[in-house]
Peer 1: 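Dropping the structure in here first, questions after.
Note that the structure is predicted; figures quoted are calculated from it, not measured.
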Amino acid sequence: MVSSVRRLIMASISNTLSLKYGLSLWCPQSAPLNRIHKGSCSFPSRSFRRCFTVSASSFANENREFVIVGGGNAAGYAAKTFVEHGMANGKLCIVSKEAYAPYERPALTKAYLFPLDKKPARLPGFHTCVGSGGERQTPDWYKEQGIEMLYEDPVANVDIEKQTLTTNSGKLLKYGSLIIATGCSASRFPDKIGGNLPGVHYIRDVADADSLITSLEKARKVVVVGGGYIGMEVAAATSGWKLDTTVIFPEDHLMPRLFTSSLGQKYEKLYQDYGVKFIKGTSIKNLEAGSDGHVSGVKLENGSTIEADTVVIGIGAKPAVVPFEKIGLNSTVGGIQVDGQFRTSIPGIFAIGDVAAFPLKMYNRISRVEHVDHARRSAQHCVKSLLTAHTDTYDYLPYFYSRVFEYEGSPRKVWWQFFGDNVGETVEIGNFDPKVATFWIDSGKLKGVLLESGTAEEFQLLPKLARSQPSVDKAKLQNASSVEEALEIARASLQVGTAA
């Protein structure tokens, strides 16, 4: 009888408070907050006590209601969403390996690398959430919101059964709900081929970027390894320093995962106008060191050597899953497997941002997206699902962009945006005068679109096209005399589809 009454009382409380998966009503004496999974309660057969809200001053003990592991973009936007729902003060802890409060990471390969006389970006100027027009969340902001920040103390171990985290310093944290936002780590060259020689750089955080800037101040010849995002953005920055810059990559054109060959060649020509050189279609054998042990050159597989006193490696990144492997990884795209609300296979544990392998609803596939836009949106979606009755599946539209050559005195600024999926045939319009647009068409439907140097109105059209996937007349697009005309043809197709 007592057991039946208890169940009725607890069900009533749960319905009244609309608490969801990951939140707690009660917890056992010997454990942290217990969890509710998909609306059902599962409690151990021990005595219970009410778990009251933890005050900001109660952080002296090891219990935390919500813990975010990771201090990047996703963590900053998650914190913002907790604050908006009144669930941060005295309840939220962020555990970071970095020395800084969360910041807009894309700045590190863009404005942060501007020459020192051309107004480079510096903290606190780009703390989250200024990248999306939001408030600048400085370290003082976290204090004012009652959010506990643990800096330079990454998580070394997780005990799923006990719901505890242990940091590198030995600090023990008990959590009620855990959000993994660890992002990615840079892919590195092995030591045996010179991957850690003095003068060799990787960029993932402020310390990395500061180290690179110190090298650039003394550099004469820079080699950038990799023709993707990092390679393009770093090469654009070093050209502003008036440094001899060579970009080396094994593919036949820049940004091969997104750009067509024709589009890649157009960007290469633009970079060459800034003095950047390219060596394509070749692999690197090893990095060479001078008599002082500092990097002195890059030896290619064909036996030739490119002189360099500074080398930047931008060959991709790997999801930072350690020490969370046991939570459940995706063997195809990497990262931690989650559902459409960013729930892992373990009740009460979530993963967001770069590290999350999630269902990409509109294309019906599992994906992992390494981009700031996804980091922001996944964080907000996850926290809303955790704190409210929000049950919508994450419906993300892939979006990528880059902005380079934006330093003072640059003869031309470059800014492109892409939305959708780069599948099917392509139609390319324009010749960098200053615009160029590429449309991806599959089975008669517009699947993706990239635009360089568009107006605000033109950029706003792109996600509408990519999400609606209207039927489009390929021949009409091919015969367009300008980017503007091509976009109008696509816009008209969108309107026809809406009317139908």
Side-chain angles (χ1 to χ4, degrees), residues 21 37-38 69-70 72-74 78 105 155 158 160 178-190 202 204 226-231 249-251 255-260 283 313-379 381-382 385 392-400 418-424 440 442-443 445 447-448 450 466-467 469:
Y21 171 97
H37 182 34
K38 296 182 179 178
V69 178
N73 272 93
R105 200 171 298 278
V155 170
V158 56
I160 294 172
L178 173 64
I179 299 177
I180 303 167
T182 46
C184 286
S185 58
S187 297
R188 304 176 72 92
F189 274 10
Y202 306 84
R204 290 303 297 182
Y229 262 109
I230 299 297
F249 50 89
E251 299 85 6
M255 292 285 288
R257 291 172 61 187
L258 177 59
F259 290 177
T260 63
S283 298
I313 310 294
I315 55 172
K318 300 176 181 178
V321 297
V322 178
F324 302 106
E325 300 95 330
K326 67 187 78 172
I327 288 170
L329 305 182
N330 183 287
S331 60
T332 303
V333 300
I336 298 171
Q337 184 65 55
V338 297
D339 66 9
Q341 291 176 279
F342 297 96
R343 300 176 295 197
T344 70
S345 60
I346 308 298
I349 300 181
F350 304 76
I352 58 176
D354 294 5
V355 79
F358 66 97
L360 190 55
K361 181 179 178 180
M362 66 181 299
Y363 299 128
N364 192 32
R365 64 175 185 252
I366 299 297
S367 184
R368 195 176 58 77
V369 176
E370 297 172 12
H371 194 264
V372 62
D373 182 63
H374 166 63
R376 295 166 180 165
R377 294 178 185 273
S378 63
H381 191 97
C382 172
S385 298
D392 294 342
T393 295
Y394 186 58
D395 190 9
Y396 185 66
L397 174 66
Y399 163 54
F400 300 98
F418 167 85
F419 286 88
D421 203 9
N422 58 332
V423 295
W440 281 263
D442 192 30
S443 301
K445 292 188 176 294
K447 292 290 188 176
L450 180 145
R467 188 169 286 281
Q469 302 179 42

Peer 1: Between F400 and L450, is there a side-chain heavy-atom distance shorter than 4.5 Å?
Peer 2: no

Peer 1: Shortest non-hydrogen contact from G227 to P256?
Peer 2: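 Scanning both residues completely, I find the closest heavy atoms to be O-CD, 4.2 Å.
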
Peer 1: Determine whether R204 and S185 make a side-chain contact, defined as any pair of heavy atoms from C-beta on separated by less than 4.5 Å.
Peer 2: no

Peer 1: Evaluate the side-chain contact (heavy atoms from CB on, under 4.5 Å) criterion for residues Y363 and L397: first the C-alpha distance (whole Å), next the side-chain angles of each, then the deciding distance (0.1 Å), finally the verdict.
Peer 2: CA-CA 9 Å; Y363 299 128; L397 174 66; 4.2 Å; yes

Peer 1: Using modelled atom types only, decide if a donor and an acceptor are shared between the side chain of T393 and the backbone of G340 within a distance under 3.5 Å.
Peer 2: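 No, the answer is negative, given that no donor and acceptor are paired below the 3.5 Å cut-off.
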
Peer 1: Examine distances only and state if a side-chain atom of R376 and a backbone atom of N73 form a donor-acceptor pair shorter than 3.5 Å.
Peer 2: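 It does not hold such a pair.
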
Peer 1: Would you say the side chain of F358 lies within less than 4.5 Å of the side chain of V369, judging by non-hydrogen atoms?
Peer 2: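 A side-chain contact under 4.5 Å exists here.
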
Peer 1: Mark yes or no for whether N422, through its side chain, and R257, through its backbone, hold a donor-acceptor pair below 3.5 Å.
Peer 2: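 Judged by distance alone, yes, a pair lies under 3.5 Å.
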
Peer 1: List the residues meeting ring pair (Phe, Tyr, Trp, His ring centres under 6.0 Å) with F419, not counting sequence neighbours, and say none if there are none.
Peer 2: Y399

Peer 1: Using a 3.5 Å distance criterion without hydrogens, assess whether the side chain of S378 forms a donor-acceptor pair with backbone atoms of G353.
Peer 2: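 Yes, because the side chain of S378 sits within donor-acceptor range (under 3.5 Å) of the backbone of G353.
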
Peer 1: Over all heavy atoms of both residues, which pair between Y229 and M255 is shortest? Give the atoms and the distance, please.
Peer 2: N-SD, 3.5 Å

Peer 1: Quick check: closest heavy atoms across A181 and I352, and the distance to 0.1 Å?
Peer 2: CB-CG1, 3.7 Å

Peer 1: Does R188 have any side chain to side chain donor-acceptor pair (under 3.5 Å) partners at least two apart in sequence or in another chain, and if so, which?
Peer 2: N196

Peer 1: Is there a side-chain contact between L329 and I336 in this structure, where contact means two heavy atoms from C-beta onward sitting under 4.5 Å apart?
Peer 2: yes

Peer 1: Look at the side chain of Q337 and the backbone N and O of A357, then say whether any donor-acceptor pair between them is shorter than 3.5 Å.
Peer 2: yes

Peer 1: Any non-hydrogen side-chain atom of R105 less than 4.5 Å from a side-chain atom of V372?
Peer 2: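 R105 vs V372: side chains apart.
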
Peer 1: Taking ring pair (Phe, Tyr, Trp, His ring centres under 6.0 Å) as the definition, give me every residue that meets it alongside F249, ordered by chain and number, with sequence neighbours left out.
Peer 2: none

Peer 1: Could you tell me which residues satisfy side chain to side chain donor-acceptor pair (under 3.5 Å) with Y394, sequence neighbours excluded, listed by chain and number?
Peer 2: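 With neighbours one apart ignored, the set is H374.
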
Peer 1: If you define the side chain from C-beta out and look only at heavy atoms, does anything of I230 sit under 4.5 Å from Y202?
Peer 2: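 A side-chain contact under 4.5 Å is absent here.
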
Peer 1: What closest approach, in Å, do T344 and A351 show between heavy atoms, and which atom pair accounts for it?
Peer 2: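 It is CG2-N, 4.0 Å.
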
Peer 1: Please report the closest heavy-atom contact between E370 and A317, naming both atoms and the distance.
Peer 2: OE2-O, 3.8 Å

Peer 1: With sequence neighbours excluded, tell me which residues meet side chain to side chain donor-acceptor pair (under 3.5 Å) with H381.
Peer 2: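 Here no residue qualifies.
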
Peer 1: Between I179 and F342, does a side-chain contact (heavy atoms from CB on, under 4.5 Å) hold up when you go through it step by step?
Peer 2: CA-CA 9 Å; I179 299 177; F342 297 96; over 6 Å; no

Peer 1: Determine whether a donor-acceptor pair (N or O, by modelled atom type, separation under 3.5 Å) exists between the side chain of R368 and the backbone of V355.
Peer 2: no

Peer 1: Sequence neighbours excluded, which residues qualify as side chain to side chain donor-acceptor pair (under 3.5 Å) partners of D421?
Peer 2: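 Per chain and number, D421 pairs via side chain to side chain donor-acceptor pair (under 3.5 Å) with R365.
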
Peer 1: With a 6.0 Å cut-off (strictly less than), is the heavy-atom count around CZ of R377, excluding the residue itself, greater than 12?
Peer 2: no

Peer 1: Without swapping roles, check the side chain of S385 against the backbone of D392 for a donor-acceptor pair under 3.5 Å.
Peer 2: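 The answer is no, because no donor-acceptor pair under 3.5 Å joins these two groups.
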
Peer 1: Please report the interatomic distance CZ(F324) to CD1(I346), rounded to the nearest 0.5 Å.
Peer 2: 12.5 Å

Peer 1: Are I366 and T332 side-chain neighbours, meaning at least one heavy-atom pair lies under 4.5 Å?
Peer 2: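 I366 vs T332: side chains apart.
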
Peer 1: To check you understand the geometry: which heavy-atom pair defines the closest contact between V333 and N330, and what is its length?
Peer 2: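 Looking at all heavy atoms of both residues, the shortest contact is N-OD1, 2.8 Å.
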
Peer 1: Determine whether Y396 and L360 make a side-chain contact, defined as any pair of heavy atoms from C-beta on separated by less than 4.5 Å.
Peer 2: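 In short, these two side chains touch, coming nearer than 4.5 Å.
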
